[in-house]
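To keep things clear, I will list the structure first and then write my remarks on it.
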Amino acid sequence: MSELTLMLIKLAFLAVLWLFIIMAVGVIRTDLFGPATSRKRGSARGGRDAGRPRPARPARGRRNEPRSLVVVKGPLAGTTIDLTSQPITIGRAKDSTLVISDDYASGRHARLFPENGRWIVEDLGSTNGTYLGQTRLTRPQPVSIGQPIRIGKTVLELRK
């Protein structure tokens, strides 16, 4: 084998080794700090929904109606979702409106939907339950502004 071929093989091996190290560091970073999510107003899934059309802005309603769902505790703290007439699904499933990476959350854990001018939270048969305040939900319940909704380690609130 010529010296040039041997040198090229060594450089290729070194490049593959560095690529492996960079990927391993990325995986460890994700495990320690969670996935890199955008915490911009109105986006709960970061850049994954960049190609999808944005939902319509919420219509201006009465003064005491909530306008957003805010994550106040948990890994996604600070995330805000604007409320529209569409239901909001919460869980670990990738197609959920709010994707929660939590061992205590089910794939399709809970749903928040508007009904007769109020927002209703419903547990979708989750294993660990959905809590409204300190009470575990057994049936759909109306949610008032500022009332905590707890799913695993994540706490959500409706805000004006």
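Only heavy atoms go into these numbers, but all of them, side chains included; no hydrogens, no water, no symmetry mates.
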(message) Test of understanding: clusters of I, L, V, M, F, W, Y form through side-chain heavy atoms closer than 4.5 Å, transitively. Do Leu158 and Leu132 belong to the same one?
(response) yes

(request) Examine Trp119 and Leu137 and state if one hydrophobic cluster contains both, with Ile, Leu, Val, Met, Phe, Trp and Tyr joined whenever side-chain heavy atoms are less than 4.5 Å apart. (result) yes

(request) Give me the one residue out of Asn128, Val121, Leu156, Asp123 that meets side chain to side chain contact (heavy atoms under 4.5 Å, CB included) with Ile151. (result) Leu156

(message) Can a donor-acceptor pair be found, under 3.5 Å and without considering hydrogens, that links the side chain of Thr84 to the backbone of Gln86?
(response) yes

(message) When you measure from the side chain of Asp102 to the backbone of Lys153, do you find a donor-acceptor pair of N or O atoms at a distance under 3.5 Å?
(response) yes

(request) Salt-bridge test for Glu157 and Arg159: reply yes if a basic N is under 4.0 Å from a carboxylate O, no otherwise. (result) yes

(request) Could you point out which residue of His109, Glu122, Gln141 forms a side chain to side chain donor-acceptor pair (under 3.5 Å) with Thr130? (result) His109

(request) Please examine the side chains of Leu69 and Leu112, heavy atoms only from C-beta on, and report whether any two atoms are closer than 4.5 Å. (result) yes

(message) If I compare all heavy atoms of Pro87 with all of Phe113, which pair ends up nearest, and what's the gap?
(response) CB-CB, 3.9 Å

(request) Report yes or no: do Val72 and Ile88 belong to one cluster of Ile/Leu/Val/Met/Phe/Trp/Tyr joined by side chain heavy-atom distances under 4.5 Å? (result) no

(message) Could you check whether Asp95 pairs with Arg108 (Lys NZ or Arg NE/NH1/NH2 to Asp/Glu carboxylate O, under 4.0 Å)?
(response) yes

(request) Please confirm whether the backbone N or O of Thr97 pairs with a side-chain atom of Thr89, one donor and one acceptor, at under 3.5 Å? (result) yes

(request) Measure from the side-chain N and O atoms of Ser144 to the backbone N and O of Gln147, and report whether any donor-acceptor pair falls under 3.5 Å. (result) no

(message) Under the criterion side-chain contact (heavy atoms from CB on, under 4.5 Å), I'd like the reasoning laid out for Thr80 against Ser68: C-alpha separation, chi angles, the key distance, then a yes or no.
(response) CA-CA 6 Å; Thr80 301; Ser68 60; 3.7 Å; yes

